[in-house]
Amino acid sequence: MLRACVFSTWRSHSRKRGLSTAANNTLSPHHSIYVSNSSNPYFNLSLEDWLFRHKNHKEPLLLIYRDVPCVVIGRNQNPWKEVNMVASRTTGVPWIRRRSGGGTVYHDLGNTNFSIHLPRSSFDRHATAQVVLRAVRSLGVDANINDRNDICVGKDKVSGSAYKIVNNRAYHHGTMLISTRLDVLGDLLRSNKPTMETRGVASVRSPVCNLQQYEPSVSHEGFVEAVIDSFRQEYNIEDSTHTVEENVNTLGIDYIHKGMEELPRWDWAFGQTPEFTYNISRTFDWGTVTARIRSKHGIILNCSFELPDGHQSISDDLVQDQSRQLEGQRYGFLDETKEGIQRMMEGPGAEIWQWLKMEMDT
Amino acid sequence: MLSRVRFRRLPGRLSFVSHFHTSYPSWAKVHKTFKLADIGEGITECEVIRWSVNPPDSIAAFDALCEVQSDKASVEITSPFDGTVKELLVKEGEVARVGSGLCIIEVDEEVAVSLEEDAPSASQQNNASSGLQPSEAKPKEQTPFPTKRRPHPLDPNISPEQQLLLLGRNHANVLATPSVRHFAKQKDVELSLLVPGSGKAGRIEKRDIEAYLQIGISATNTNSATSTTSKDDPAEDAIVEFGRTRWNMYRAMTKSLEIPHFGYSTSLDLTVLHEILPIINSHIPRHYLPTSLHPPHTPAFSPSAIYPQPASPDVPSSGHYTKLTYLPILLKTLSKAMLEWPLFRSSITPSTSTSDKPTLTVRPNADISIALSTPTGLYTPTLQRIPSGLTPAEMPKRGGTVTVSNVGGIGAGEGASPVLVPGTGIAIVAIGRAKWIWDVDRGDGSGERRLKVNVSWSADHRVVEGAELVAFIESWRSWVEHPQRLIAEGV
């Protein structure tokens with residue numbers, strides 16, 4: 001008797017809030033709760049943007065997703081400042097520029113991302129943070145919100161947030177550290193360029209920790225359920241949860257497809273970098289050289305050199321020539337097929353040239 | 001609508017007025033500074049990240065203009081106007097303070113030349129009352145007119161109240177839980193109008209929103225209209241602002257001068273209806289009665305004894321009533337006449353170009369607007385197919401083709417000249433107060449006591465001929481004076 005009761009309750013629960021998958025049909029942006037089964041960050045970011053632009057702007061929407069290891073920088077950040085390019089290359093962990101503002105975060109499968117979309121007029125970042133906070137607290141963690149609207153446990157951040165606002169719609173999305181590799185996070189986000197000054201938004205460094213450190217039973221699935229419940233309660237949503245697969249159908253959606261292509265392209269990834277200056281010095285056998293590079297939108301605007309007094313091996317003309325060659329080049333991606341550049345690489349200024357290249361690759 | 005000014009709209013009549021305002025449009029190129037509007041959330045400045053346009057690009061309203069960033073929020077700003085980008089005031093990478101200019105856009109604006117002229121002049125008033133476009137007079141001043149488009153939420157030129165209505169920012173002093181905020185958004189209610197609420201510390205609760213919806217429109221409009229009088233010396237003139245609905249009425253009536261009206265009055269004999277009404281009222285179907293009036297106990301012999309009766313339709317409480325009056329029956333019979341007369345189910349097709357020949361749009365159903373005089377002003381909601389009990393949310397947006405004004409409820413009027421306004425249909429009727437009179441034409445020559453009500457019609461003479469209106473009214477009369485015909489419908 002008891003078992004039958006439990007069974008029927010479970011049945012009705014799932015009927016009311018069951019899962020439905022758009023397996024064979026085209027995915028619709030008109031549902032309210034989406035959970036992505038893809039862990040491809042390019043797909044998930046594009047999916048998020050597609051839902052943001054195509055859902056009825058008066059209705060709330062929730063999207064939850066996880067990514068394979070990657071670093072995600074804010075829309076207006078400087079990747080050279082935020083990302084340790086060497087570590088990124090050696091570990092094979094890519095970095096991606098997202099469309100919302102804010103700082104840099106590290107994603108891996110131990111981190112769950114939430115994204116709450118609302119009409120602009122009723123969007124309130126504190127209210128949306130509360131929705132997620134309630135979910136975390138319901139899992140048994142004594143979390144709270146700091147004055148930057150991030151969810152913390154004690155002094156440690158467990159979540160970072162960012163926002164995007166357009167004409168009639170806005171979203172608050174953020175991370176939730178459940179069981180992330182904090183050591184990998186530390187390496188990748190430690191770029192150590194104190195003399196690189198950027199106009200854009202700098203990340204605010206904070207100590208972080210995983211939820212599992214406070215409550216070992218917390219899991220991705222548990223967090224997903226808790227956020228969905230909290231979201232349903234807050235906005236009176238009765239729609240069932242929709243899972244999204246990365247497959248022929250969803251990849252076939254033009255907007256998503258184009259978004260995924262745009263994200264890794266130079267124009268978006270590097271070309272959106274705000275203006276920055278980088279002052280570097282290097283001591284060679286013959287003296288110390290200081291270079292001041294100015295770049296905007298990923299292009300070198302100019303590079304001026306300061307040479308030691310009484311230098312002989314390097315002439316002023318050569319240095320001027322080097323400056324000229326650098327102007328207009330993509331920072332970090334010098335066009336080595338250009339004749340002028342090749343000259344630089346081989347001539348007496350080769351040392352300087354190699355050094356600059358190395359600095360720009362870091 | 002009952003005209004309270006002593007304007008008679010029959011052609012050839014003189015009107016007495018001391019000031020006469022007309023306006024006609026002309027175009028001018030205007031430079032508008034688009035300012036960084038308040039993004040909300042206490043943000044005072046933003047960095048401009050990227051401009052999507054450069055002078056002298058042309059831009060359309062809602063095209064991407066620029067992207068700004070504040071704190072952790074990336075904001076996409078679109079253009080509020082159609083026009084040409086003239087100058088960018090903040091460079092990429094620079095910070096713009098909220099309220100400062102972002103860029104200058106050159107816009108083609110419709111500027112209404114507002115004309116003022118003093119003293120009555122017979123010939124000019126005649127021109128007006130014959131219904132043609134108000135004639136030109138010397139322009140004395142030029143006043144810019146707001147553009148007809150709904151303002152862009154970030155348009156800095158709209159008043160704070162309008163902006164509040166459009167953006168609905170959450171102020172720090174508007175206390176409400178997120179679910180209440182969401183409910184308010186669903187119901188399209190501006191929360192700051194409800195401050196303070198009935199909850200703890202002035203918090204706005206869901207019941208405040210529901211109560212607000214019941215009232216309809218906030219009382220702030222009437223407050224603004226009366227506020228200036230209290231301070232003044234009673235012996236002196238007091239200046240009072242137009243409340244919103246009265247201002248709308250003012251503007252609508254000014255526009256009504258475009259319509260050539262003609263009138264026709266007659267009286268309808270309600271005696272038969274008078275006899276029928278009590279019988280109808282004692283047999284109101286149970287599902288229309290408010291639940292408090294349902295019979296307290298089931299009858300001894302119930303028709304549902306062997307098998308349940310078909311379930312009665314579910315009628316919301318707004319559809320309940322206790323007594324039927326003449327007005328609903330007059331409306332119903334009017335709709336019957338309108339079904340016989342396609343002309344009175346039509347309205348002039350709204351068109352954007354005035355040079356095209358106008359057409360009439362005939363509707364399949366009878367849409368009647370009712371004039372409602374409320375404490376906050378005059379409204380004309382529309383009834384479609386005369387259902388029972390509409391709430392404001394259910395009212396259709398389109399005006400009816402015929403408007404009914406039941407002024408008899410207010411005063412014992414015997415004649416009226418209602419005024420048509422563009423958008424309220426092609427005919428309007430004012431129904432007076434029914435009274436008993438001695439009709440010498442009836443009976444065997446000695447006459448009879450009959451209940452009559454005066455109805456005064458005005459119609460748009462561009463669309464309706466005099467004879468057509470009279471014939472239509474006779475159709476209506478035949479339903480009202482012979483309500484037995486309604487039985488034939490059931491049979």
Side-chain angles (χ1 to χ4, degrees), chain A residues 52-53 58-60 74-77 98-103 116 118-131 134 148-150 160-174 198-201 203-204 230-231 233-237 271-276 296-297, chain B residues 37-43 46-51 61-65 67-80 91-95 152-155 163-172 174 176-192 206:
Chain A
F52 183 57
R53 310 275 182 182
K58 291 206 179 93
E59 292 171 11
R75 191 250 177 276
N76 194 38
Q77 288 200 297
R98 62 174 184 270
R99 298 179 196 281
S100 63
I116 301 178
L118 291 170
R120 181 191 177 141
S121 50
S122 59
F123 180 73
D124 176 359
R125 57 171 80 177
H126 306 293
T128 45
Q130 289 286 334
V131 172
R134 275 199 299 271
R148 297 199 81 237
N149 211 45
D150 296 320
S161 292
Y163 316 91
K164 182 153 181 78
I165 302 174
V166 299
N167 236 346
N168 50 26
R169 197 95 166 129
Y171 69 70
H172 168 182
H173 69 179
T198 319
R199 278 190 114 143
V201 170
S203 289
V204 174
S230 179
F231 179 79
Q233 256 184 22
E234 181 68 15
Y235 301 107
N236 294 314
I237 306 289
Q272 296 291 313
T273 307
E275 193 171 333
F276 69 86
K296 184 175 176 185
H297 295 162
Chain B
D38 190 352
I39 306 252
E41 307 192 291
I43 290 163
C46 299
E47 180 190 339
V48 175
I49 299 177
R50 200 75 151 169
W51 282 102
F62 300 107
D63 275 356
L65 194 64
E67 216 178 317
V68 305
Q69 166 139 337
S70 76
D71 193 17
K72 298 189 269 194
S74 169
V75 187
E76 285 180 9
I77 297 183
T78 57
S79 173
K91 292 207 280 282
E92 279 177 13
E94 283 180 357
V95 168
H152 188 283
L154 297 182
D155 185 344
Q163 196 177 49
L164 196 61
L165 284 171
L166 287 169
L167 268 181
R169 293 194 313 276
N170 294 317
H171 289 289
V174 173
T177 62
S179 52
V180 169
R181 287 184 196 275
H182 183 66
F183 181 66
K185 184 77 193 88
Q186 272 181 336
K187 296 288 175 188
D188 235 345
V189 170
E190 177 49 52
L191 271 183
S192 52
K206 197 167 164 182

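All values below come from the heavy atoms of this structure, side chains included, with hydrogens, waters and symmetry mates left out. Letters go in sequence order (proteins before strands), and every chain restarts at 1.
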Who pairs with S100(A) by side-chain hydrogen bond (donor to acceptor under 3.5 Å, both in side chains), at least two apart in sequence or on another chain? R98(A), H173(A)
Is there side-chain contact between E47(B) and E94(B), with at least one heavy-atom pair below 4.5 Å? no
Toward chain B, the part of H297(A) with a non-hydrogen atom under 4.5 Å: side chain
Residues which pass side chain to side chain contact (heavy atoms under 4.5 Å, CB included) with Q186(B), listed by chain and number, not counting sequence neighbours: H182(B), F183(B)
Most contact-rich option vs chain B, by heavy-atom pairs under 4.5 angstrom, among N149(A), V166(A), T128(A), is V166(A)
Is it the backbone or the side chain of R99(A) that comes under 4.5 Å from a heavy atom of chain B, or both, or neither? backbone
Quick one: which of P119(A), S161(A), G160(A) has the most heavy-atom pairs under 4.5 Å with chain B, could you say? S161(A)
Scanning both residues in full, the closest heavy-atom pair of V131(A) with S230(A) reads O-OG, 2.7 Å
Under 4.5 Å, counting heavy-atom pairs only, tell me which of Q233(A), E59(A), R75(A), H172(A) racks up the most with chain B. R75(A)
Check ion pair K164(A)-E67(B) (N to O, under 4.0 angstrom): yes
